Amino acid sequence: MDCIFCAIIEGRAPAEVVFEDEETLAFMDINPANPGHTLVIPKRHVRNIYDLDEQTAAAVMRATVRVAQAIKRALQPAGMNLVQSNERAGGQEIFHIHIHIIPRWYGDGLRLARPPEVRRTMPIKEAAAGIRREVARK
Ligand code: AMP
Ligand code: ZN
């Protein structure tokens, strides 16, 4: 399978790595939204959140917290966003799960996409009932 992030893990493609442990790798995004924009990935190839097992999820989040705190100390941003996209409709371009750590500064002009008007085609209570039913099945 042709996966650029697996190539980075295996050393077949270059990356500016900032953290690595047994299960995860963190490296600079090649096209940063802001200075310090970093990606955290599991070494195991997982397509996205739908395929993520609990141990890998825990390892990725542990690494994300560690790197986020390091970015805060190193670059002193005013704020920070975590972004994680799933499937094309969600904006996913690389199909090896990754968490974006995006440092934020006042006036940086970045916006998380939101439609101008809140769209409520499905009532909140109805959406919550469906989610509650499914979450109980796990
Ligand atoms: P997403 O839209 O969440 O799938 O984001 C993919 C991200 O990976 C984008 O922000 C890209 O800039 C970044 N990216 C793609 N190729 C590379 C690479 N070789 N090294 C570092 N970052 C990359
Ligand atoms: Zn991969």
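Heavy-atom basis, side chains included; hydrogens, waters and symmetry copies ignored. Note that ligands are numbered from 1 as they come in the structure, with each ligand's atoms numbered from 1 the same way. Values in this document were obtained by computation on a predicted structure and should not be read as measured data.
Side-chain atoms of Val18 and Phe27, non-hydrogen and from C-beta on, never get closer than 4.5 Å to each other. No side-chain heavy atom of His100 sits under 4.5 Å from any side-chain heavy atom of Leu82. Counting heavy atoms from C-beta outward, Lys43 and Glu22 have side chains that stay 4.5 Å or more apart. Inter-residue side-chain proximity for Asp108 and Tyr106 is flagged as unmet; no heavy-atom pair is nearer than 4.5 Å. Two residues are said to be in side-chain contact when any heavy atoms from C-beta on lie closer than 4.5 Å; Val40 and Phe19 fail this criterion.
Remark: the backbone N or O of Ile49 is paired with a side-chain donor or acceptor of Asn86 at under 3.5 angstrom.
For ligand 1, the protein residues within 4.0 angstrom (heavy atoms only) are Ile4, Phe5, Ile8, Phe27, Met28, Asp29, Ile30, Asn31, Leu39, Ser85, Gly91, Gln92, Glu93, Ile94, His98, His100.
Sorted by chain and number, the protein atoms of type N, O or S within less than 2.8 Å of the Zn ion (ligand 2) are Cys3 SG, Cys6 SG, His45 ND1, His96 ND1.
Judged purely by distance below 3.5 Å, without hydrogens or angles, the side chains of Gln92 and Gln84 never pair a donor atom with an acceptor atom.
Between His96 and His98, the ring center distance fails the sub-6.0 Å criterion.
Pro42 pairs in a side chain to side chain contact (heavy atoms under 4.5 Å, CB included) with only one of the listed residues (Leu25, Ile9, Asp53, Ile97), which is Ile97.
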